[in-house]
**Student:** 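Sharing a structure below in structure tokens format, with a few things to ask.
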Amino acid sequence: MAVNTTIPKGTRDFSPIEMLRRNYIFDIIRKVFQKYGFMPIETPAMENLTTLLGKYGEEGDRLIFKILNSGDFMSNVNCDDKESVTSTKITNKISEKALRYDLTVPFARYVVQHQNEITFPFKRYQIQPVWRADRPQKGRYREFYQCDVDVIGSNSLLNEIELIQIIDEVFQNLGLAVIIKLNNRKILSGIAEIINESSKIIDITVAIDKFEKIGLEKVNEELLSKGISPEAVKKLQPIILLSGSIEEKISNLKSVLNSSEIGLKGIEEIEKIIDYTKKIELQTCIDFDLTLARGLNYYTGAIFEVKAKDHEIGSICGGGRYDDLTGIFGLKNVSGVGVSFGADRIYDVLLGLNKFNDNIENSTEIMFVNFGDLEIEKLCLSHLVSIRKQGISAELYPESHKMKKQFDYANNKKIPFVAIIGENEKQKGVIMLKNMTTGEQNETSLKELINILTNRK
RNA sequence: GUGGGGGUAGCUCAGUCGGUUAGAGCAUCAGAUUGUGGUUCUGAGGGUCGUGGGUUCGAGCCCCAUUCUCCACCCCA
């Protein structure tokens with residue numbers, strides 16, 4: 001019986017060309033991670049629901065994919081008081097597992113669970129898919145890969161610097177022009193503190209973030225509508241309008257925040273990071289962006305966001321410092337910092353800017369044509385062994401189809417060379433080597449053939 | 001959760017004022033060509049027009065509902 005061949009909203013199949021391109025991205029990222037001394041781990045696709053809930057803010061909780069309990073999942077539900085059963089209440093009874101929403105929280109759980117095996121500071125990277133029950137749109141998927149690098153168990157700002165170097169090197173290697181935006185949650189806390197609205201930091205930063213998009217007036221309207229007092233909004237004006245060079249912004253902020261200990265601490269951190277970056281030959285430009293907020297609740301210090309310069313798609317990399325994520329799982333005083341590369345968005349940007357090189361798209365380098373002759377097939381098989389021993393990918397067409405069909409196959413797979421051994425070649429003991437780009441063909445020996453293909457690399 | 005566009009062949013899309021048998025390009029297969037492809041030519045297969053109802057002598061087209069999808073907001077990689 002025929003069934004609709006569709007896949008769930010926001011998910012995608014990846015065909016060979018797409019996979020080759022994706023692997024190219026993953027390979028670059030992985031190599032850089034390893035170069036800086038990070039070690040790989042993986043965690044399960046699903047976590048206990050309680051591990052994930054409450055870590056990402058209210059919006060985040062809503063976007064977590066829950067997994068229905070196995071067996072008689074309704075047995076815990078009391079249907080008598082149906083009226084009082086809300087979907088959140090019922091969720092806790094019928095679901096105790098969920099698909100991971102990001103890699104950072106599962107990592108924190110991993111660190112606590114394996115704390116006795118881990119030597120701190122622990123540098124790990126993790127490249128795996130995550131799932132969000134968001135409404136899909138351009139650059140937004142329900143299943144996508146994150147490539148996380150984190151250092152946990154070290155307060156040093158050298159880690160922040162190292163992450164900036166990694167970001168710089170990854171995008172350098174990908175040939176992508178980006179801008180790194182930097183901010184610090186402590187500064188945001190300081191701002192909220194001096195205007196006496198500490199509980200509203202998130203609302204304030206989200207509103208300030210829209211300044212460039214909607215203008216000062218609308219930002220103020222939004223602030224008031226979120227219940228922030230008119231006096232506080234008034235005090236915020238110089239902060240919203242803050243501009244100039246990084247140094248100017250910092251010195252202005254220093255005077256605005258001079259009564260806030262936490263705010264000044266944040267500025268000190270930013271200053272130190274900026275100072276360090278002058279020593280690391282950075283290719284990417286860095287911007288101190290006070291409007292950068294980041295929705296995730298657990299950030300406490302530096303926050304990062306990376307945007308592509310020539311392509312509009314939202315952030316392609318983001319992260320920050322979290323002082324107490326492991327505390328929730330029972331391990332206190334362990335601070336971590338990390339960033340996450342959004343492989344799928346990076347893919348979209350590279351594709352949009354036409355930055356994928358053709359040479360990552362072919363796999364087989366030479367194909368032997370099949371004439372259906374048993375003796376020749378055996379000859380081809382032994383040739384293939386020799387060729388593959390040299391690390392050259394080669395294949396024999398498995399059917400004795402018409403030449404046209406076999407050549408079409410080679411063309412579609414972008415195989416650059418075809419080897420032909422028919423009766424004539426067999427008699428003469430040669431191989432007809434055809435260059436599929438130029439159309440030229442010459443009789444060669446196996447040795448010569450291997451030479452040609454090896455020198456081509 | 002809020003708002004807008006769309007659904008016609010495997011893919012991308014035309015389809016006039018509501019009018020006979022719903023089209024094109026690409027892709028696939030076959031032939032021109034029994035040892036030479038990608039560029040040529042010829043032909044073929046492929047459709048419950050998202051689904052359900054309504055208006056009409058007649059609906060791919062108009063109306064209602066529903067579903068899926070894309071885009072924007074919110075938020076985010």
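Keep in mind it's a predicted model, so treat the numbers as computed, not measured. To find a chain, count down the sequence lines: A is the first, B the second, and so on, and within it residues start at 1.
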**Student:** Please map the stems of RNA chain B, keeping only stretches of three or more Watson-Crick or G-U wobble pairs with both distances under 3.5 angstrom.
**Tutor:** B:1-7 with B:67-73, B:10-13 with B:23-26, B:28-32 with B:40-44, B:50-54 with B:62-66

**Student:** OP1 or OP2 of B:A77 versus the side-chain N and O atoms of A:Q146: is any pair under 4.0 Å?
**Tutor:** no

**Student:** Have a look at A:C317 and say if it touches a base, only the backbone sugar-phosphate, or nothing, with a 4.0 Å heavy-atom cut-off.
**Tutor:** sugar-phosphate

**Student:** Please answer whether the main-chain N or O of A:Q128 pairs with a side-chain N or O of A:E42 as donor and acceptor at a distance below 3.5 Å.
**Tutor:** no

**Student:** Using a heavy-atom cut-off of 4.0 Å across all strands, would you classify A:Y409 as base, sugar-phosphate, or nothing?
**Tutor:** nothing

**Student:** If I take atom OH in residue A:Y141 and atom C1' in nucleotide B:C75, what distance separates them, rounded to the nearest angstrom?
**Tutor:** 17 Å

**Student:** What I want to check is whether an N or O donor and acceptor connect the side chain of A:R135 with the base of B:U2 at under 3.5 Å.
**Tutor:** yes

**Student:** Is A:R321 salt-bridged to A:E160, cutoff N-O under 4.0 Å?
**Tutor:** yes

**Student:** Is it true that A:E375 and A:K426 have a side-chain N and a carboxylate O under 4.0 angstrom from each other?
**Tutor:** no

**Student:** Just compare B:U69, B:A77, B:U28 and give me whichever is closest to any side-chain atom of A:R132.
**Tutor:** B:A77

**Student:** Would you indicate which nucleotide in B:G35, B:C73, B:U28 comes nearest to any side-chain atom of A:E423?
**Tutor:** B:G35

**Student:** In plain terms, say whether A:D344 and A:R140 are close enough for a salt bridge, that is, a side-chain N and a carboxylate O under 4.0 Å apart.
**Tutor:** no

**Student:** With C1' as the reference atom in both, quote the distance from B:C26 to B:C63 in angstrom, rounded to an integer.
**Tutor:** 36 Å

**Student:** For A:D348 and A:Y141, which I'm curious about, is there any donor-acceptor pair between the side chains at under 3.5 Å?
**Tutor:** yes

**Student:** Quick one: do the A:Y101 and A:E47 side chains pair a donor with an acceptor below 3.5 Å?
**Tutor:** no

**Student:** Let me know the distance between CD of A:Q137 and P of B:G4, rounded to the nearest Å.
**Tutor:** 16 Å

**Student:** Go through the steps to decide whether A:S400 and A:N370 satisfy the test side-chain hydrogen bond (donor to acceptor under 3.5 Å, both in side chains), and finish with yes or no.
**Tutor:** CA-CA 5 Å; A:S400 61; A:N370 187 319; 4.8 Å; no

**Student:** Mind checking the P distance from B:G25 to B:G43? Whole angstroms is fine.
**Tutor:** 11 Å

**Student:** Using the C1' atom as the point on both nucleotides, what is the distance between B:G31 and B:U67, in whole Å?
**Tutor:** 44 Å

**Student:** Whole-Å distance between B:G35 C1' and A:D373 CG?
**Tutor:** 14 Å

**Student:** With rounding to the closest Å, how many angstrom separate the P atoms on B:G53 and B:A14?
**Tutor:** 28 Å

**Student:** Between B:G4 and B:U51, how far apart are the two C1' atoms, rounded to whole Å?
**Tutor:** 22 Å

**Student:** If we ignore hydrogens and angles and just use 3.5 Å, is the side chain of A:D168 paired with the main-chain N or O of A:I164 as donor and acceptor?
**Tutor:** no

**Student:** Taking atom C1' in both B:G47 and B:U2, compute the distance separating them and give it to the nearest angstrom.
**Tutor:** 37 Å

**Student:** For nucleotides 36-42 of chain B, give me one character per nucleotide, 5' to 3': B if any protein heavy atom sits under 4.0 Å from the base, S if the only such contacts are to the sugar-phosphate, - if neither.
**Tutor:** BBB----

**Student:** When the C1' atoms of B:A30 and B:C71 are compared, how many Å lie between them, rounded to an integer?
**Tutor:** 42 Å

**Student:** Counting N and O atoms only, with roles assigned by atom type, does the side chain of A:S393 sit under 3.5 Å from a partner on the main chain of A:S363, one being a donor and the other an acceptor?
**Tutor:** yes

**Student:** If you assign each of A:K402 and A:I313 to its closest nucleotide in RNA chain B, which residue comes earlier from the 5' end?
**Tutor:** A:K402

**Student:** Any chance you could lay out the side-chain hydrogen bond (donor to acceptor under 3.5 Å, both in side chains) test for A:Q165 and A:E169, step after step, and finish with the verdict?
**Tutor:** CA-CA 6 Å; A:Q165 286 178 283; A:E169 197 162 331; over 6 Å; no

